[in-house]
Amino acid sequence: MRISSDEYTGIEEWHASSGHDVQFYESDDFLADRVSAFIQAGLEAGDGCIVIATPAHREQIERRLKAKGTHLAAARLRGTYIAQDAAETLATFMRERSPDPRRFAEVIGGMIQRVAQGYPARSVRAYGEMVSLLWQEGNRAAAITLEELWNDLHDSIHPFSLCCAYPMAGFAGEEEQQAFLAICESHEHVMPAESYAALATATERTRAITLLQQRASSLQAEIAERKKVEERLRQLEARKDAFIVMASHELKTPVTSLKAFTQILKRRMAQQTDHQSDLKTLLMLDRMEAQLERLIGLVGELLDVSKMESHILTYRDSIFDFDTMVRETMADMQALSTRHTICLEGETGAQVYGDHDRLAQVLTSLLDNAIKYSPEGQSILVRLSTHPEPDSSLVEVAVQDHGMGISEQHQAYIFERFYQVGDGQGGTYAGLGIGLYIARQLVERHNGRLWVESQPGEGSTFHVILPCVRQDVADPFGGSQYEED
Ligand code: ADP
């Protein structure tokens, strides 16, 4: 069709004789106007009319029909108007996540025959929102199948004209392009949303099309540019990961041997010490050893992350006493801080199957953070408890501090790699921002959960839940859940 003048008459009507139209829309009001006009014209012409819509849309459509003087009750009585709930109708022919063709033909075909009332010449109009519901649920495949079933029905029973409608907002995003094309292709007539359709003159429309073409071409250019940047980022990320693997490996050997030499030196000095100056040297060696210990910890964290990323972290699984592991880890951490008191509450009496040292590492990380992020000292509470479940038993260890806490905005991110919350002055606390990432990966590898509850200024509680060995089950893990290294 050529539009060469300003003679355009306004919004294109839905095709009333037969056919399958799709209307895109931006506002519910526009949609209700369109559907009510379609149905009203049908009822006035003596057609059979079907509306399958959400309760809200049905209400809006029927309100408009009544306002225009349509006697809906009478049409219902005559059997020329049928209104159905879209979700309920959909449920009658969905099997699993797909429409069942036979049931669809029975339900919808039956409805069309009913409204045609046995008159082969009677026109039937239908408006349906079931496809749109499926689309909004994210079940794209089912929506497209349902469109095809409507088309099949067209060819096999009483002729009818059908219109579907989709909110334009449901197609935002580059990845929607293919699906959008598939929807358009399954319809004979495609009608644009109101911001375009409401333009009254041909001049306005050609202007709008030109603008849209310009926008489309600049968006395409932007997408191409974004893809290039994403590819570059991927390459940089891969290089950064490779660097971390290499650096942590390279650092590990010299740092470990430095520690060994420091210990030998300390032992030798201790045997020979009789002067004040030697005592000072011993003290310095102690400090050196403590710093080396920290360095080994940091290098170990980096190594763990790189092994986790390449899925080569190894585990040594066994059954161990959970409370003893918690008590021993607490004692080790208490020895490192004189300003904090670490208290224990409760017990589980449970055995856990997993890597003892890796789970102790999780608790060490949580206690280390509890100490680090409550600089005023104060007590740290470790709470042990059990959660009997119908099919399994769980143990929980919670670590509560009364330190600075974490705002909600940061809570979602602290378990990501290299994420650190600043100190409010543009700096961060000592650390690499990977302790919690490693801890969560380790807990999840043991089929557990790790999460935080926190209030800024009041402190944080980190919870770890793990499955434990049930006393009443001979082989609690079925012999296959864990791989021993
Ligand atoms: P880091 O090495 O920085 O401590 P983590 O992965 O262990 O790395 O923690 C990530 C971030 O979560 C920390 O930088 C800190 O801001 C916050 N955080 C962790 N534990 C606590 C806690 N107990 N109290 C307050 N903030 C915490």
Side-chain angles (χ1 to χ4, degrees), residues 240-241 244 247-248 251 255 290-309 313 326 329-330 332-334 336-337 339-345 357-384 396-446 448-465:
K240 188 196 73 195
D241 284 346
I244 293 173
S248 46
L251 285 169
V255 169
Q291 291 302 322
L292 281 169
E293 207 51 75
R294 254 195 80 206
L295 202 52
I296 287 172
L298 293 173
V299 172
E301 277 193 342
L302 275 178
L303 257 180
D304 283 350
V305 167
S306 53
K307 283 184 182 168
M308 273 171 178
E309 294 301 300
L313 194 69
V326 170
T329 313
M330 282 174 60
D332 290 348
M333 293 305 290
Q334 183 65 80
L336 298 178
S337 174
R339 301 183 54 210
H340 298 81
T341 314
I342 309 178
C343 313
L344 179 66
E345 204 180 276
D357 292 354
R358 289 293 181 188
L359 290 174
Q361 179 184 346
V362 170
L363 192 56
T364 303
S365 256
L366 299 183
L367 287 169
D368 191 37
N369 280 346
I371 292 171
K372 190 158 72 173
Y373 299 108
S374 34
E376 308 289 319
Q378 302 143 340
S379 67
I380 292 165
L381 181 64
V382 176
R383 229 177 299 116
L384 285 172
E396 174 171 354
V397 54
V399 176
Q400 181 178 14
D401 66 57
H402 302 94
M404 58 184 59
I406 309 160
S407 67
E408 210 174 320
Q409 144 206 16
H410 291 298
Q411 286 176 25
Y413 301 109
I414 56 173
F415 297 97
E416 288 180 2
R417 304 193 291 170
F418 308 120
Y419 190 86
Q420 289 186 296
V421 183
D423 61 3
Q425 275 118 52
T428 51
Y429 293 84
L432 297 174
I434 46 181
L436 287 179
Y437 168 78
I438 295 172
R440 182 172 266 183
Q441 300 286 315
L442 291 176
V443 170
E444 286 178 357
R445 185 266 169 187
H446 287 82
R449 279 201 316 125
L450 163 61
W451 75 98
V452 67
E453 284 168 358
S454 185
Q455 283 294 331
E458 287 179 22
S460 314
T461 305
F462 283 84
H463 301 263
V464 177
I465 280 198

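Remember, it's 1-based here, ligands and their atoms both numbered in the order they're listed.
Of all atoms in ligand 1, listed by their number and element, those nearer than 4.0 Å to a heavy atom of Gly405 are 25 (C). The contact set between ligand 1 and Gly431, taken as ligand atoms under 4.0 Å from a residue heavy atom, comprises 2 (O). Near Lys372, meaning under 4.0 Å from any of its heavy atoms, are these atoms of ligand 1: 1 (P), 2 (O), 4 (O).
Classified by interplanar angle (parallel below 30°, tilted 30° to 60°, perpendicular above 60°), the ring pair Phe415/Phe462 is perpendicular.
The heavy atom nearest to atom 6 (O) of ligand 1, considering only Leu298, Val421, Ile406, Leu436, is found in Leu436. The closest heavy-atom contact to atom 2 (O) of ligand 1, among the options Gly433, Ser454, Ser460, Gly435, comes from Gly433. Distances from atom 18 (N) of ligand 1 to the heavy atoms of Tyr419, Tyr413, Tyr373, Phe418 put Tyr373 nearest.
Contact annotation for Leu432 and ligand 1: only backbone heavy atoms (N, CA, C, O) come within less than 4.0 Å of the ligand. Contact annotation: for Phe415 versus ligand 1, there are no heavy atoms closer than 4.0 Å. Residue-level proximity to ligand 1 for Ile434 is carried by the backbone, the only part with a heavy atom below 4.0 angstrom.
In summary, the side chains of His463 and Glu396 do present a donor paired with an acceptor at a separation below 3.5 Å, with no hydrogens or angles considered. Between the side chains of Asp304 and Gln361, a donor-acceptor pair is found at a separation under 3.5 Å.
Annotation for Glu301 and Ile438: closest pair O-CD1, 3.5 Å, computed over non-hydrogen atoms.
The shortest side-chain heavy-atom distance between Gln441 and Arg445 does not fall under the 4.5 Å cut-off. Using a 4.5 Å heavy-atom cutoff, the side chains of Ile380 and Thr341 are not in contact.
Residue-to-ligand polar distances keep Tyr437 apart from ligand 1: every N/O pair is separated by 3.5 Å or more.
Using a 4.0 Å cut-off between a side-chain N of Lys or Arg and a carboxylate O of Asp or Glu, Arg417 and Asp241 qualify as a salt bridge.
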